[in-house]
Colleague: 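Take this structure, written in structure tokens, and hold onto it; I'll ask about it next.
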There are 2 protein chains.
Amino acid sequence: MPNTIRREISRRTLDIIPLIMRVMSAEMRQSLPGVQPGHISLLGILRYRAHTLGDLADRLSVSAPTMSNTISTLEERGWVGRRRAEDDRRLVWIEITEAGQAALDKVEDNVETRLTNLLSDLNDHDAATLASGLTVLRDVFATALESDPKLYNE
Amino acid sequence: MPNTIRREISRRTLDIIPLIMRVMSAEMRQSLPGVQPGHISLLGILRYRAHTLGDLADRLSVSAPTMSNTISTLEERGWVGRRRAEDDRRLVWIEITEAGQAALDKVEDNVETRLTNLLSDLNDHDAATLASGLTVLRDVFATALESDPKLYNE
DNA sequence: GTAATCCATTAGCACTCCTAATCATATTGG
DNA sequence: CCAATATGATTAGGAGTGCTAATGGATTAC
């Protein structure tokens, strides 16, 4: 298979991803005013365990100051809490609160439901195609970020 | 096929799209400082023909004031031009300039190349799967936006 | 010809994002 | 053991996107 195919996939990705992002952002805004995709990614990471601030900045590919500001915003809303690490007092642990968990659940549920409705028009074959395609897509990008995270942190 | 599959696809989409968006944003920033995904979408639309400001706002699902501001930013960079419509003087036509065309080409080429590299690790079967999946994905969301654009413009 | 409508802009606010500079805490080397 | 260096978070300052509400023209409808 010629590499032209891969170029074509890139072009298509570049077209489609921002489109989907817009739909998702609009959905989120609608389901909980003031919430942004970044907040949901953040809360999604914190759902399973606490992380340090720098760790979160790396994960989301933003600078430390940006993460600090964003955390302050979510802290004011009562969705996350800061806690100084006791063993290394330079570190700050960020943990999700009950309210944060609730906000995350609500937005995820609303957006997921809306997406599911969009997908209900698909026939089974197309649905299967989409599912496999997404898996490939995730693997490609997840591998890229893991193998060379620094590339995306500057 | 049970609807659970479609719910699973939604969940996966919600996970993956922001990840890809981050990679793409980082790429764009790197290839041309100050440029944002929204700019590229905008210039991409203007590449083929001029649009009115309100038209662009609808297409990108942002409010008219937001679009007006963004156009002003791009105008200052010399990437687009404003022109009052002569037949209906309420309208403003936005057109891409040579410099805008060049900026668009540069960023698209850089980001596409980077994506293509990421994809070069894929075997042919996975590449084909991805290509089909993206087509389905685009159709789902494009249909949604066309059929009910108002839903995403508030 | 006045009222209603439509399109773009301005004003003002919240937020993300950046870099550079600062502060506190740990670690390392002489 | 203490000074220099490194590390993690924050503050300051600036650019940008996004919103709603209000304003100003231009057009259409009655």
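Chain letters run A, B, ... following the sequence lines, proteins first and then strands; every chain starts at 1.
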Colleague: Could you tell me whether the phosphate oxygens of D:dT17, OP1 or OP2, come under 4.0 Å of any side-chain nitrogen or oxygen in B:His39?
Modeller: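 So the side chain of B:His39 is within the cut-off, an N or O lying under 4.0 Å from OP1 or OP2 of D:dT17.
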
Colleague: Quick one, which residues of residues 96-112 of chain A touch DNA chain D with a heavy atom under 4.0 Å?
Modeller: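 DNA chain D contact set from residues 96-112 of chain A: none.
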
Colleague: If only side-chain N and O atoms of A:Thr73 are considered, is one of them under 4.0 Å from the OP1 or OP2 phosphate oxygen of C:dT16?
Modeller: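 A:Thr73 to C:dT16 OP1/OP2: side-chain N or O found under 4.0 Å.
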
Colleague: Side chain of A:Asn69: nearest nucleotide among D:dT20, C:dC17, D:dT10?
Modeller: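 Out of D:dT20, C:dC17, D:dT10, the nucleotide with an atom closest to A:Asn69's side chain is C:dC17.
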
Colleague: Nearest whole Å is fine: how far is C:dT16 P from A:Glu75 CD?
Modeller: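 Rounding to the nearest Å, CD of A:Glu75 and P of C:dT16 are 13 Å apart.
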
Colleague: Measure from CG on B:Leu42 to P on D:dT17 and round the result to the nearest Å.
Modeller: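 To the nearest whole Å, that distance equals 10 Å.
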
Colleague: Which atom names give the shortest non-hydrogen contact between A:Gly81 and A:Thr97, and what distance separates them?
Modeller: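 Looking at all heavy atoms of both residues, the closest pair is N-CG2, 4.1 Å.
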
Colleague: Taking atom C1' of C:dC18 as reference, at what distance in whole Å does atom CD of B:Gln36 sit?
Modeller: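 Taking CD of B:Gln36 and C1' of C:dC18, I get 10 Å after rounding.
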
Colleague: When you measure from the side chain of B:Arg82 to the backbone N and O of B:Ile94, does any donor-acceptor pair fall under 3.5 Å?
Modeller: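 Such a contact is absent between B:Arg82 side chain and B:Ile94 backbone.
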
Colleague: Looking across every strand, which nucleic acid part, if any, lies under 4.0 Å from B:Ser63 by heavy atom: base, sugar-phosphate, or nothing?
Modeller: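 Counting heavy atoms under 4.0 Å across all strands, the contact made by B:Ser63 includes a base.
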
Colleague: Round to a whole Å and report the spacing from NE2 of A:His51 to P of D:dG8.
Modeller: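 Spelled out: NE2 on A:His51 to P on D:dG8 is 15 Å.
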
Colleague: With the threshold set at 4.0 Å, does a side-chain nitrogen-carboxylate oxygen contact exist between A:Asp124 and B:Arg6?
Modeller: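 Salt bridge between A:Asp124 and B:Arg6, a charged N being under 4.0 Å from a carboxylate O: yes.
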
Colleague: Should A:Ser132 and B:Thr129 be marked as a side-chain hydrogen bond (donor to acceptor under 3.5 Å, both in side chains) after you check the CA-CA gap, both sets of side-chain angles, and the distance that decides it?
Modeller: CA-CA 7 Å; A:Ser132 320; B:Thr129 302; over 6 Å; no

Colleague: Is a side-chain donor-acceptor pair under 3.5 Å present for B:Arg7 with A:Thr113?
Modeller: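 The answer is yes; a qualifying pair exists.
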
Colleague: D:dG16, OP1 or OP2 - any side-chain N/O from B:Arg77 closer than 4.0 Å?
Modeller: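 Yes, such a contact exists.
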
Colleague: Assess the side chains of B:Thr135 and A:Arg12: does a donor N or O sit below 3.5 Å from an acceptor N or O?
Modeller: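 A donor-acceptor contact under 3.5 Å links the two side chains.
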
Colleague: When you measure from the side chain of A:Pro65, which nucleotide among C:dC17, D:dA12, C:dC15 comes out closest?
Modeller: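 Output: D:dA12.
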
Colleague: For the side-chain hydrogen bond (donor to acceptor under 3.5 Å, both in side chains) test, which of A:Arg83, A:Arg49, A:His51 pairs with A:Glu95?
Modeller: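 Going through A:Arg83, A:Arg49, A:His51 one by one, the side-chain hydrogen bond (donor to acceptor under 3.5 Å, both in side chains) with A:Glu95 is satisfied by A:Arg83 alone.
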
Colleague: Could you give the CG-to-C1' distance, from A:Leu74 to C:dC15, as a whole number of Å?
Modeller: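 Atom-to-atom, A:Leu74 to C:dC15, this comes out as 11 Å.
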
Colleague: Can you tell me the distance, in whole Å, between the CG atom of B:Asp55 and the C1' atom of C:dA8?
Modeller: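 From B:Asp55 CG to C:dA8 C1': 14 Å.
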
Colleague: Applying a 4.0 Å non-hydrogen cut-off, can you work out what A:Thr66 is touching in the nucleic acid: base, sugar-phosphate, or nothing?
Modeller: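 Base: the residue A:Thr66, judged by heavy atoms under 4.0 Å, touches a nucleobase.
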
Colleague: Contacts to DNA chain D from residues 83-90 of chain B, heavy-atom cutoff under 4.0 Å, which residues?
Modeller: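 Per residue number, the list reads B:Asp87, B:Asp88, B:Arg89, B:Arg90.
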
Colleague: Decide yes or no on side-chain contact (heavy atoms from CB on, under 4.5 Å) for A:Ile40 and A:Leu104, but give the supporting numbers first.
Modeller: CA-CA 6 Å; A:Ile40 299 306; A:Leu104 175 61; 3.9 Å; yes

Colleague: Between the side chains of A:Asp109 and A:Arg114, is the shortest nitrogen-to-carboxylate-oxygen separation below 4.0 Å, so that they form an ion pair?
Modeller: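 A salt bridge is absent here (no side-chain N lies under 4.0 Å from a carboxylate O).
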
Colleague: Whole angstrom is fine here: how far is it from CD1 in A:Ile94 over to P in D:dT10?
Modeller: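 Answer to the nearest Å: 7 Å.
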
Colleague: Indicate, with a heavy-atom threshold strictly under 4.0 Å, whether B:Thr52 touches base, sugar-phosphate, or nothing.
Modeller: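 Here B:Thr52 touches the backbone only, sparing every base.
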
Colleague: Measure the distance from CG on B:Leu91 to C1' on D:dA26 and round it to the nearest whole Å.
Modeller: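 It is 10 Å, rounded to the nearest whole Å.
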
Colleague: Check the pair A:Thr66 / A:Ser63 against side-chain hydrogen bond (donor to acceptor under 3.5 Å, both in side chains), numbers first and verdict last.
Modeller: CA-CA 5 Å; A:Thr66 295; A:Ser63 66; 3.0 Å; yes

